[in-house]
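Just dropping this structure here.
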Amino acid sequence: MSVFNFSPGPAALPAEVMEQARAEFLDWDGSGMSVMEVSHRGKAFIRVAAEAEADLRELLAIPRNYKVLFMQGGASAQFAVIPMNLAPPGATVDYVDTGHWSRKAIVEARRYCRVEVAADAGGDYSTVPAADTLRHTPGAAYLHYTPNETIGGVEFSYVPHPAGVPLVADMSSSILARPIDVAKFGLIYAGAQKNIGPAGLVIVIVREDLLGSARADTPAVFDYARVAAEDSMLNTPPTFSWYMAGLVFKWLKRNGGLAVQGERNRRKAELIYGAIDASDYFRNAVALDARSTMNVVFSLPDARLDAAFLAEADAAGLKNLKGHRVRGGMRASLYNSMPLAGVEALVAFMRDFQRRHP
Ligand SMILES: *Cc1c(COP(=O)(O)O)cnc(C)c1O
């Protein structure tokens with residue numbers, strides 16, 4: 001059965017990538033073995049790992065003075081690993097609070113250092129603070145923000161510029177969605193399971209001058225300098241996820257890179273927000289300039305219709321549209337692998353549903 005999977009994460013992967021992985025599942029690279037059955041230190045896997053890094057560097061135009069690390073523990077481990085590495089004892093760090101994930105990052109960072117909230121979006125988190133309202137602590141070790149809040153469907157339309165302070169970004173649900181200027185960031189991290197590949201892998205892109213000042217009690221596997229020195233193979237990395245991420249990077253390159261992908265994502269978002277705004281039935285409460293291109297939240301005129309909407313959508317092959325349990329309503333995640341046809345099918349279904357349940 002062919003479906004469109006709108007899951008927020010783990011999310012759909014490109015069909016072409018899944019087919020390639022299936023084709024070489026049992027006999028990878030002519031070895032007679034699966035890629036997940038071979039040593040991470042063998043020549044063949046090292047080539048896969050290095051190519052994945054090179055392709056990611058090319059896609060994002062990552063400058064030479066940045067390290068790319070392939071780590072484990074998800075974005076949530078990084079909530080702690082970042083202060084362990086970048087905030088020496090006694091340091092203050094600034095965090096922008098725009099919703100669920102930035103709050104989780106704040107709670108974890110408070111275990112290690114003093115956290116100042118540089119701005120909060122307030123109330124129901126349906127917007128992001130304006131650039132000129134961010135409060136910067138002089139001498140802060142870094143400023144952390146969440147460019148795209150996956151649950152609230154709220155996205156920054158600008159990159160904060162904390163003069164002289166490294167900018168740290170949780171790009172779990174927005175990395176590779178469009179080109180970015182990596183040089184504006186001290187550190188970027190992203191769990192793989194939204195826009196990169198299977199869960200189990202988290203990618204960290206960090207400027208070299210930020211390495212080497214981890215707290216003394218930082219576990220070796222979480223010490224960026226040590227991980228970088230061992231090419232992310234201090235211990236066994238999540239080899240299958242790394243390989244899959246590499247296939248996704250090649251798929252992105254084949255399909256025109258991030259400028260083209262960004263344009264595709266813009267058109268998908270425009271289509272669904274246009275349909276929501278044109279109806280007096282569906283509603284999206286996010287401020288116009290803060291609407292996420294990746295995670296589109298919307299509600300029906302009466303929450304008692306939610307169950308019928310989800311059941312009928314599911315039967316029509318439109319999967320995983322239920323909003324996060326803390327928010328309710330609906331959420332359509334439109335990561336890179338969601339084709340325009342999926343959004344067209346969803347919009348047609350929404351119109352039809354409205355007609356049948358006026
Ligand atoms: C999904 C997500 C996380 C959590 O990722 P885990 O890999 O489950 O730890 C953190 N931040 C953002 C923005 C996310 O979308």
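For reference, positions follow the sequence shown, starting with 1. We count ligands from 1, going down the list as the structure has it; atoms in each ligand are counted the same way.
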Around atom CE of Met36, are there more than 12 heavy atoms from other residues, nucleotides or ligands closer than 6.0 Å?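 For Met36, atom CE is crowded (more than 12 foreign heavy atoms under 6.0 Å).
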In Å, rounded to the nearest 0.5 Å, how long is the span from CG of Asn195 to CE of Met294? 5.5 Å
Which atoms of ligand 1 have any heavy atom of Gly74 under 4.0 Å away? 7 (O), 9 (O)
Can you confirm, on distance only, whether ligand 1 has an N/O atom lying under 3.5 Å from any N/O atom belonging to Thr146?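 So ligand 1 has no N or O lying under 3.5 Å from an N or O of Thr146.
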Where do Leu321 and Leu310 come nearest, in terms of heavy atoms and distance?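 In terms of heavy atoms, the two residues are closest at C-CD2, 3.7 Å.
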I need the atoms of ligand 1 closer than 4.0 Å to a non-hydrogen atom of Ser76, numbered in the order shown.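 Listed by number with element, the hits are 4 (C), 6 (P), 9 (O).
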For the residue pair Val35 and Phe240, what are the closest heavy atoms and their distance?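 Nearest pair, atom of Val35 first, then Phe240: CG1-CD1, 3.7 Å.
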Logged contact type for Lys194 with ligand 1, heavy-atom cut-off 4.0 Å, is side chain
Nearest non-hydrogen protein atom, atom 7 (O) of ligand 1: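 Protein heavy atom with the smallest distance to atom 7 (O) of ligand 1: Gln193 NE2, 2.9 Å.
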Knowing that exactly one of Lys104, Arg110, Arg111 qualifies, which makes a salt bridge (charged side-chain N to carboxylate O under 4.0 Å, His left out) with Glu108? Arg111
Within ligand 1, which atoms have a heavy atom of Thr150 less than 4.0 Å away?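 In order of numbering, the contacting atoms are 12 (C), 13 (C), 14 (C), 15 (O).
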How close does the nearest protein non-hydrogen atom get to atom 11 (N) of ligand 1, and which residue and atom is it? Asp170 OD2, 2.6 Å
Counting only heavy atoms, which portion of Phe79 has something under 4.0 Å from ligand 1: side chain, backbone, both, or neither? side chain
Could you go through the side-chain hydrogen bond (donor to acceptor under 3.5 Å, both in side chains) check for Asp170 and Thr146 one step at a time? CA-CA 5 Å; Asp170 175 1; Thr146 312; 4.7 Å; no
Under a 4.0 Å heavy-atom limit, does Glu149 contact ligand 1 with its side chain, its backbone, both, or neither?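 For Glu149, no heavy atom sits under 4.0 Å from ligand 1.
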Same apolar cluster: Tyr224 and Val182, side chain cutoff 4.5 Å: no
Using only heavy-atom distances, determine whether the side chains of Glu116 and Thr92 contain a donor-acceptor pair under 3.5 Å. no
Taking only non-hydrogen atoms of Lys104, do any sit less than 4.0 angstrom from ligand 1?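 Lys104: no contact with ligand 1 (<4.0 Å).
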Heavy atom of Ala75, distance to ligand 1 below 4.0 Å: yes
